[in-house]
2 protein chains.
Amino acid sequence: MENIWSVMYATFAALAEPNRFRIVELLRAGARPVNDIGVELDLAQPQVSKHLRVLKEVGLVEVEARAQQRLYALDPAPLQELDRWLEKYRALWVERFEQLDEVINAAHTQEKRRGRKKR
Amino acid sequence: MENIWSVMYATFAALAEPNRFRIVELLRAGARPVNDIGVELDLAQPQVSKHLRVLKEVGLVEVEARAQQRLYALDPAPLQELDRWLEKYRALWVERFEQLDEVINAAHTQEKRRGRKKR
DNA sequence: TCTGTATATGCCTTGACAGGAATATGCGGA
DNA sequence: TCCGCATATTCCTGTCAAGGCATATACAGA
């Protein structure tokens, strides 16, 4: 059995590769056949196919056969997963912002205080 | 000069490694010294140090010296970047949802229509 | 059925990276 | 100053993934 996060690792790995990231960004504008992608991003056709395979395996992309070509379209589902995962972290940067705010206020009031204990 | 996305690739690469991902998840609850992390996640100390180095390089973590130990804390800034990047994609899953909705409605009304052209 | 176009797959080489084990470094206390 | 604890670094090895190139597959049209 697999780790519950394994899907996320795979998604991260897929997006960590610059050319795949570019493909994802490109497909955001709409579906494209393989050759188109290669031309647009200046990649050899076999490499495009291979990258698309990886993207398909993690569910970031889906194919539709259109005569002899394949139309690849972005499937945002894994990105939505990522978004849900980030949810847990949003509180952190809000908190950070408040801390920063506090520091600024402290500076403004020129108030000197001893280092507070961490919670 | 670097690609504007290079920071994102690095963040993705950092999070694609299961043990680093676990470290990030662990640090969400608060800062920890190196040894603590190793014990908690059952990792050898050198590996923890190495993973922390990578996390620090991408800015996901920051260190505070505390006597002879180092307290590692999560820095959510890169995650916030990620969040901002995802912003552009949120519209996609909303759109998907609406398409799905449409399909459901169509099924409910038993309406038969010819395949519409893509926009 | 033969051909050409679009795409997928296989093989090879190379580079990056993770874990393991040994060792170096930094710092506080006696 | 010497020792010990906490952490960082180094070296080694194995694995895996990406690019380049050649080739296989699939399908439409003549």
Side-chain angles (χ1 to χ4, degrees), chain A residues 2-3 5-27 30-74, chain B residues 2-3 5-27 30-74:
Chain A
E2 278 292 336
N3 186 307
W5 295 121
S6 52
V7 179
M8 295 236 39
Y9 307 149
T11 303
F12 283 132
L15 294 170
E17 212 293 317
N19 286 325
R20 278 194 298 263
F21 184 89
R22 292 168 67 211
I23 291 176
V24 167
E25 285 275 285
L26 180 62
L27 292 183
R32 294 236 192 182
V34 179
N35 246 323
D36 249 57
I37 299 173
V39 170
E40 189 77 27
L41 304 183
D42 194 35
L43 297 172
Q45 175 269 318
Q47 332 302 336
V48 176
S49 283
K50 284 188 256 187
H51 283 313
L52 286 170
R53 173 139 88 133
V54 175
L55 291 173
K56 197 172 75 182
E57 277 164 2
V58 302
L60 270 167
V61 129
E62 55 184 14
V63 213
E64 183 191 343
R66 195 146 187 91
Q68 69 278 45
Q69 45 182 24
R70 309 287 140 127
L71 230 50
Y72 279 86
L74 192 61
Chain B
E2 278 292 336
N3 186 307
W5 295 121
S6 53
V7 179
M8 295 236 39
Y9 308 150
T11 303
F12 283 132
L15 294 170
E17 212 292 317
N19 287 325
R20 277 194 298 261
F21 184 88
R22 292 168 67 211
I23 291 176
V24 167
E25 285 274 285
L26 179 62
L27 292 183
R32 294 233 191 187
V34 179
N35 246 323
D36 249 58
I37 298 173
V39 170
E40 190 78 27
L41 303 183
D42 194 36
L43 297 172
Q45 176 269 318
Q47 330 303 334
V48 176
S49 282
K50 283 188 264 187
H51 284 313
L52 287 170
R53 172 139 88 134
V54 175
L55 291 173
K56 197 171 77 181
E57 278 165 3
V58 301
L60 270 167
V61 129
E62 54 183 15
V63 213
E64 183 192 343
R66 195 142 187 92
Q68 69 276 50
Q69 44 181 23
R70 309 288 142 129
L71 230 50
Y72 279 86
L74 192 62

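Note on naming: letters A, B, ... go to the chains in the order of the sequence lines (proteins, then strands), and numbering restarts at 1 for each one.
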Chemist: At under 4.0 Å, does any side-chain N or O of A:Y72 touch on OP1 or OP2 of C:dA6?
Modeler: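 Checking C:dA6 against A:Y72, no side-chain N or O comes under 4.0 Å of OP1 or OP2.
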Chemist: Quick test of your reading: applying salt bridge (Lys or Arg N to Asp or Glu O under 4.0 Å), list the pairs with at least one residue in residues 39-55 of chain A, sequence neighbours left out, ordered by first then second residue.
Modeler: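 Counting only pairs at least two positions apart or across chains, the salt bridge (Lys or Arg N to Asp or Glu O under 4.0 Å) contacts touching residues 39-55 of chain A are A:R32-A:E40.
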Chemist: Mark yes or no for whether B:R70, through its side chain, and B:V63, through its backbone, hold a donor-acceptor pair below 3.5 Å.
Modeler: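 Side chain of B:R70 to backbone of B:V63: no pair is present.
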Chemist: Closer than 3.5 angstrom, by distance alone: can the side chain of A:R22 be matched with the main-chain N or O of A:L41 as a donor-acceptor pair?
Modeler: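 Present.
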Chemist: Rounded to whole angstroms, how far apart are CD1 on A:I23 and P on C:dT7?
Modeler: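 The distance from CD1 of A:I23 to P of C:dT7 comes to 13 Å, rounded to the nearest Å.
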Chemist: In whole angstroms, how far is the P atom of D:dC5 from the CG atom of B:N35?
Modeler: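 Whole-Å distance recorded here is 12 Å.
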Chemist: So B:Y9 and B:N3, do their side chains get closer than 4.5 Å, heavy atoms only?
Modeler: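 The answer is yes; the side chains approach within 4.5 Å.
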Chemist: Here's a test for you: under side chain to side chain contact (heavy atoms under 4.5 Å, CB included), which of B:L71, B:V39, B:V48 qualifies with B:V34?
Modeler: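 Exactly one candidate clears the test, B:V48.
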Chemist: Using a 4.0 Å heavy-atom cut-off to protein, can you give one letter per nucleotide of nucleotides 10-30 of chain D, 5' to 3': B if the base is in contact, S if only the sugar-phosphate is, - if neither?
Modeler: B-------SBBBB--------
Chemist: Can you check the A:D36 CG to C:dT5 C1' distance for me, whole Å?
Modeler: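 For the pair A:D36 CG and C:dT5 C1', the rounded distance is 14 Å.
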Chemist: Write down the distance between CG (B:D42) and C1' (C:dG19), rounded to a whole number of angstrom.
Modeler: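 From B:D42 CG to C:dG19 C1': 13 Å.
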Chemist: Which whole-number value in Å describes the distance from B:Q69 CD to C:dG28 P?
Modeler: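 The distance from CD of B:Q69 to P of C:dG28 comes to 12 Å, rounded to the nearest Å.
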Chemist: Would you compute the distance between atom CG of B:L43 and atom CG of B:N19 and round it to the nearest 0.5 angstrom?
Modeler: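 Going from the CG atom of B:L43 to the CG atom of B:N19 covers 4.5 Å.
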Chemist: Expressed in angstrom and rounded to an integer, what is the separation of A:L55 atom CG from C:dA8 atom P?
Modeler: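 Spelled out: CG on A:L55 to P on C:dA8 is 12 Å.
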